[in-house]
Structure formats: C-alpha cells, structure tokens
Amino acid sequence: MSIMMGVTLSLYMSIYNNCQSGNFSVPMLLVSFVVSFIISVLIGLIIPMPKISRALAKKFKPGPGLRAVDALVSDAIYTPIITLFMILVVRNLAPVMASKAAEREALAGGAPAAQAANIAAGVAAEVSASLPPFAKMFIGSFLICYALGFFVIYVAQPIFMKIAFKGIEMPGPGGPGKKPE
C-alpha cells in the first residue's frame with residue numbers, strides 16, 4: 001500500500017510543480033516523478049509508517065479525526081523531503097534541458113557547432129538567472145504541496161486500504177467475531 005501512496009504523492013507533486021513552473025515539459029515531469037517516487041520509496045523503507053499509523057490508532061477513536069491525524073503525520077514526513085529533492089532537481093536540470101533544446105534548435109537552423117554551443121551556454125545562464133531564490137521556491141512549493149498532500153493522503157489512503165485488503169475479512173469495531181454495539 002505504501003508504494004501506491006508513494007506513486008500517488010509523487011505523481012500529484014510532479015504534475016503540480018511542473019505546471020507551477022510555467023514551463024510544462026514532459027521530460028521534466030518524468031524526471032521529477034521518478035526522483036520523487038524513488039525518494040518516497042526510500043522514506044517508506046526507512047520510516048515505519050504502518051507502526052506509526054497503528055500507534056495513532058491506539059490514541060484516537062476510529063473515524064475522520066484519526067484519518068486526518070494519520071494524513072497530517074504522513075504528509076509531515078513525506079512532503080518536506082520530496083519537495084526539497086524536487087526543487088534541487090528542477091534547479092539543476094532546467095538550465096541543462098533548456099540549453100540542450102537551444103543547441104538542437106541552433107544546429108537544426110544551420111548554426112555552426114561552436115555558435116550553437118555559445119547559444120546553449122547563454123540560454124543555460126539565462127534560465128539559471130531567472131530562477132527565483134531557493135528559499136522562495138522551496139517555501140512556496142512546500143506550502144501548496146503540504147496542503148494538497150494532506151488532501152490526497154486523506155482521500156486516497158482509504159481507497160488504497162480497500163484495494164490492498166480486498167478479499168480479507170477485517171474485524172469490525174467490536175473486534176473479531178463481535179458485532180459492533
């Protein structure tokens with residue numbers, strides 16, 4: 001189930017951040033998705049989310065309140081780390097991808113290789129200079145992704161639980177074999 005949640009969080013964060021950049025590109029979407037998915041899987045391997053969820057379930061009554069707290073905790077663990085890495089990837093790859101595209105375009109237009117390389121270097125420098133400061137990128141992206149992440153986790157987790165445990169008889173609120181009162 002954690003892999004399905006990782007895919008879901010990674011996909012929504014990649015789509016959102018790519019759209020927010022103003023320069024939507026499929027290659028950047030794919031790269032950011034793969035990076036964020038790998039990070040979410042690593043977080044899932046390091047941090048025992050099922051144990052954390054069970055501990056929360058012991059302290060809260062089942063229902064929307066427990067789901068909300070569980071979603072907030074998951075979101076607080078995953079979103080800052082994924083956002084950090086995605087911002088680092090964008091800041092490093094955007095100039096490279098823009099310069100490669102400019103170089104291909106210049107070469108296709110008949111420019112000599114040296115001139116195409118100069119154009120590409122200029123474009124890379126321009127893209128790097130146009131990026132907002134790291135803190136502004138991170139904080140802006142984090143705040144939106146945290147709010148969206150909470151919503152995605154809150155909505156998707158019960159759906160993924162049903163899929164993961166389909167066909168497995170689960171005890172009700174009264175425990176195994178007891179009818180709820």
Side-chain angles (χ1 to χ4, degrees), residues 1-49 71-157 159-160 163-164:
M1 186 184 85
S2 63
I3 290 180
M4 291 188 291
M5 282 303 297
V7 168
T8 304
L9 282 171
S10 298
L11 184 61
Y12 101 82
M13 287 178 77
S14 299
I15 290 170
Y16 169 76
N17 287 322
N18 208 323
C19 289
Q20 182 192 22
S21 74
N23 297 318
F24 185 89
S25 76
V26 173
M28 188 60 84
L29 174 68
L30 293 174
V31 168
S32 63
F33 173 71
V34 168
V35 168
S36 63
F37 176 69
I38 290 170
I39 297 300
S40 69
V41 168
L42 291 173
I43 293 169
L45 291 173
I46 295 169
I47 298 174
M49 283 309 299
L72 279 173
V73 170
S74 293
D75 201 18
I77 292 169
Y78 282 85
T79 300
I81 298 168
I82 292 172
T83 302
L84 173 69
F85 278 95
M86 288 178 71
I87 297 296
L88 291 173
V89 165
V90 166
R91 293 185 70 84
N92 289 309
L93 281 185
V96 171
M97 292 176 81
S99 73
K100 293 293 182 191
E103 185 175 27
R104 278 193 306 275
E105 189 175 312
L107 290 172
Q115 185 181 6
N118 286 339
I119 291 170
V123 167
E126 189 177 309
V127 169
S128 288
S130 71
L131 291 172
F134 178 83
K136 183 177 181 182
M137 279 181 81
F138 177 78
I139 292 169
S141 180
F142 170 73
L143 292 174
I144 298 296
C145 286
Y146 193 78
L148 291 173
F150 170 77
F151 178 75
V152 168
I153 294 169
Y154 188 83
V155 170
Q157 197 167 29
I159 295 168
F160 291 147
I163 292 169

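All heavy atoms count here, side chains included; hydrogens, waters and symmetry mates do not.
- Residues Met86 and Ser32 approach most closely at CE-CB, 3.9 Å, considering heavy atoms.
- Nearest heavy atom pair, residue Met13 against residue Thr83, reads CE-OG1, 3.1 Å.
- The shortest non-hydrogen separation linking Ala120 to Ser99 is O-CB, 3.1 Å.
- The distance from atom CD1 of Ile43 to atom CD1 of Ile81, rounded to the nearest 0.5 Å, is 4.0 Å.
- Annotation: ring-ring contact (aromatic ring centres under 6.0 Å, His included) contacts involving residues 80-125, sequence neighbours excluded, are absent.
- Interatomic distance, NZ of Lys136 versus CG of Leu131, reported as 11.5 Å (0.5 Å rounding).
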Can I get a per-line list of side-chain donor-acceptor pairs under 3.5 Å for residues 137-146, giving both atom names and the distance, sequence neighbours left out?
residue	atom	partner	partner atom	Å
Ser141	OG	Asn17	OD1	2.7
Tyr146	OH	Leu72	O	3.4

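- Put simply, CD1 on Ile153 and CD1 on Ile77 are 9.5 Å apart, with the number rounded to the nearest 0.5 Å.
- Proximity of a side-chain donor or acceptor of Ser40 to a complementary backbone N or O of Phe37 within less than 3.5 Å is detected.
- Taking each heavy atom of Leu9 and Val152 in turn, the nearest pair found is CD2-CG1, 4.3 Å.
- A heavy-atom distance below 4.5 Å is found between the side chains of Leu88 and Leu84.
- Side-chain N or O atoms of Ser36 include one that pairs as donor or acceptor with a backbone N or O of Phe33 at under 3.5 Å.
- Between Ala94 and Met28, the shortest heavy-atom distance links the atoms N-CE, 3.6 Å.
- Of all heavy-atom pairs spanning Val89 and Val35, the tightest one is CG2-CG1, 3.7 Å.
- Listed for the Arg91 side chain is no donor-acceptor partner under 3.5 Å among the backbone atoms of Ser128.
- Thr79 and Asp75 are linked by a side-chain donor-acceptor pair at a separation below 3.5 angstrom, with hydrogens and angles left out of the test.
- Residue Phe151 places its CZ atom among 12 or fewer non-hydrogen atoms of other residues, nucleotides or ligands, all under 6.0 Å distant.
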Cut-off 3.5 Å, no hydrogens considered: what does the side-chain donor-acceptor table look like for residues 102-114, sequence neighbours left out?
none

